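Computed from heavy atoms alone, side chains included, the values below leave out hydrogens, waters and symmetry copies. None of the values given here were measured: they were computed from a predicted structure. Residue numbering restarts at 1 for every chain, and letters A, B, ... go by the order of the sequence lines.
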2 protein chains.
Amino acid sequence: MSAARHPVSSAQRAEQALRALIFDGELAPGSDHLESELAARLGLSRTPVREAVLLLEQQGLLEVRPRKGVRILQISPEDMREVYDVLTALESMAAEAAAEADHGADGLVRLHAALTQMDAAIARDDRKGWAAADDRFHGELVRLGGNRRVEEIVARMVDQVRRARMVTLYMREMPRQSNADHRAVYEAIRKADPEEAGRLHRRHRARARDELVALLKRLGLKSV
Amino acid sequence: MSAARHPVSSAQRAEQALRALIFDGELAPGSDHLESELAARLGLSRTPVREAVLLLEQQGLLEVRPRKGVRILQISPEDMREVYDVLTALESMAAEAAAEADHGADGLVRLHAALTQMDAAIARDDRKGWAAADDRFHGELVRLGGNRRVEEIVARMVDQVRRARMVTLYMREMPRQSNADHRAVYEAIRKADPEEAGRLHRRHRARARDELVALLKRLGLKSV
DNA sequence: GGCGAGATCAATGCATGCATTAATCAATTC
DNA sequence: GAATTGATTAATGCATGCATTGATCTCGCC
């Protein structure tokens, strides 16, 4: 998203590296890891790793437990409900704002591109491709909303969703309904109808939340 | 909010101390401060101060500028609009959830207490007292909503509002309208009417946002 | 007199070392 | 045999030191 500002510090690389390890599942949810172990793994000293760990703790990805190492946090269905409720509230507001701003079809090219990419991915039965395009759609929607703080908060929440999706992506039907929802939201924004855009997006996220929470509960309580 | 867990680390004390300095205005918005200077001021070494600074940066209170020290962030009217929009979306959702949960009048004692304290403060023309009670009302409302993540995000946003209020608190009428709003929201929650509670709260925050942004613009662009 | 290049300065970012202290293990006693 | 207390271990939290490198200041040249 943001270009490399300064030389790129080791702490920043540590943060990115740890995020990657967490999202790839190499640091499993619920597992403990010593700072020194992580530092050795990344080929750094403890200091930048410690800084990265503190940031990731504040981001809700892990927890520092004073003598027991850092624990990668697990996400319960209840957590997922919380995350989705935050997303519902903020994204639907963003959708309203985007519709009010009345971007022409020009300003919505990226949003539309994400739509067609999702369709294409579904046709190919490419779940990862669909997920990536879905992320782009939601990211662009929020960007169009014109509220930086909303962008940042949503990005954090999406991190959590991403982890749950690792598990669920292959355990359900291809999300055709979801795509119809997206297209309807896009149309409302293009027609500059804020009320409709907000209402449709709210319904979309509520549906997704209910599906995901039900699925998670059907499995075991604690998952990625 | 949460009790002291472990012995309380120096880094945590540094974070709290820096927050206090910022909110008291001793570290002025827009001012720069070297890490070593802050460390000396707090009687600590640079390490825990640096950790605290990194956390506060992520909380949006300051910015680390590699060779120029940490800069205490200023808040523009546009920033305030963003903050209030986030608060509007999340708190009104919390109000809905609180109404749905149908807490009896028993479960709402703290919310009601905040109300009466706000009334009393207005009668005394005690602006700081009113502000403190207002914080309690909003904090309790969000707690009743039953979403930890919303609580945390709202707390961050309230930090920003607090800084702007330092400037504006004495520059406007006593907020009687605001209190009527609060009472109406309380009543809707007590009557377990989610739609009403959400609608009323949304209107309340929108009003507060418009007043504050207008006031800030009437002064100068960048304020606390 | 103004502008540019080079040297000096200093703040950060990182590594390292140490003290603190929680957790584990063992030994002794009941 | 179990439990409690003491000793040992080791991970964290903090302090300190150093290298890197951006910023500033000076000197020289145009």
Side-chain angles (χ1 to χ4, degrees), chain A residues 2-22 26-74, chain B residues 2-22 26-74:
Chain A
S2 60
R5 308 181 175 198
H6 293 288
V8 174
S9 73
S10 290
Q12 286 171 17
R13 277 185 295 124
E15 186 185 347
Q16 290 311 112
L18 288 177
R19 289 177 67 88
L21 288 174
I22 291 172
E26 298 211 40
L27 299 180
S31 61
D32 295 329
H33 308 273
L34 299 179
E35 287 181 5
S36 46
E37 171 201 329
L38 294 174
R41 191 160 176 172
L42 301 182
L44 295 167
S45 83
R46 276 179 50 225
T47 304
V49 172
R50 180 175 170 77
E51 289 178 359
V53 160
L54 289 173
L55 295 183
L56 293 173
E57 177 176 42
Q58 206 173 217
Q59 291 171 21
L61 290 179
L62 50 82
E63 179 189 14
V64 176
R65 312 197 317 158
R67 298 275 159 176
K68 306 188 176 176
V70 301
R71 168 159 295 180
I72 311 301
L73 286 185
Q74 297 177 322
Chain B
S2 60
R5 308 178 174 198
H6 292 289
V8 175
S9 73
S10 289
Q12 287 171 16
R13 278 185 294 122
E15 186 185 348
Q16 289 312 110
L18 289 176
R19 289 176 66 89
L21 288 175
I22 291 172
E26 298 212 40
L27 298 180
S31 62
D32 295 329
H33 307 272
L34 298 179
E35 286 181 5
S36 46
E37 172 201 330
L38 294 175
R41 191 162 177 170
L42 301 182
L44 295 167
S45 84
R46 275 180 50 222
T47 305
V49 172
R50 181 176 168 78
E51 289 179 357
V53 160
L54 288 173
L55 294 182
L56 293 173
E57 178 175 42
Q58 206 174 219
Q59 291 172 20
L61 289 180
L62 50 82
E63 179 189 14
V64 176
R65 312 197 317 158
R67 298 276 158 175
K68 305 188 179 178
V70 301
R71 168 160 295 180
I72 312 302
L73 285 186
Q74 297 178 323

Legend entry - Nearest-angstrom distance from the residue atom CG of Leu34(B) to C1' of dA10(C): 9 Å
Inset, instruction - Under 4.0 Å between any heavy atoms, over every strand shown, what does Ser10(B) touch: base, sugar-phosphate, or nothing? Just pick one. - result: sugar-phosphate
Inset, instruction - State the CD-CD distance between Glu51(A) and Gln12(A), to the nearest 0.5 angstrom. - result: 10.0 Å
Legend entry - Rounded distance (Å) that lies between atom C1' of dA15(D) and atom CG of Leu38(B): 17 Å
Inset, instruction - Calculate the interatomic distance between Lys68(B) atom NZ and dA10(C) atom C1'; express it in whole Å. - result: 15 Å
Legend entry - Of Leu56(B), Leu38(B), Leu61(B), Asp32(B), the residue whose pairing with Val70(B) passes side chain to side chain contact (heavy atoms under 4.5 Å, CB included): Leu38(B)
Inset, instruction - To the nearest Å, give me how far apart CG (Leu44(A)) and C1' (dT16(C)) are. - result: 14 Å
Inset, instruction - Could you please name the option among dG17(C), dA11(C), dG17(D) that lies closest to any side-chain atom of Arg46(A)? - result: dG17(C)
Inset, instruction - To the nearest Å, give me how far apart CD (Glu37(B)) and C1' (dA10(C)) are. - result: 14 Å
Legend entry - Under-4.0 Å side-chain N/O to phosphate OP1/OP2 contact, Ser45(A) with dA15(C): yes
Legend entry - 5′-ward residue of the pair Thr47(B)/Gly69(B) relative to DNA chain C: Gly69(B)
Legend entry - CZ on Arg50(B) to CZ on Arg50(A), rounded to 0.5 Å: 12.5 Å
Inset, instruction - For Arg71(A) and dA11(D), give me the distance from atom CZ to atom P, rounded to whole Å. - result: 16 Å
Inset, instruction - Figure out the CG/P separation between Leu54(B) and dT12(C), and round it to whole Å. - result: 12 Å
Legend entry - 5' precedence on DNA chain C between Arg67(A) and Glu35(B) (nearest-nucleotide basis): Glu35(B)
Legend entry - Minimum-distance nucleotide to Glu51(A) side chain [options: dC14(C), dA15(D), dG13(D)]: dC14(C)
Inset, instruction - Please determine, for the side chain of Arg50(A), which listed nucleotide (dA10(D), dG13(D), dA11(C)) has the closest atom? - result: dG13(D)
Inset, instruction - Starting at atom CG of Asp32(B), determine the distance to atom P of dG22(D), rounded to an integer number of angstrom. - result: 18 Å
Inset, instruction - Using a 4.5 Å cut-off on heavy atoms from C-beta on, say whether the side chain of Arg41(A) contacts that of Leu27(A). - result: yes
Inset, instruction - Side-chain contact test, heavy atoms from C-beta onward, threshold under 4.5 Å: evaluate it for Thr47(B) versus Thr47(A) and give yes or no. - result: no
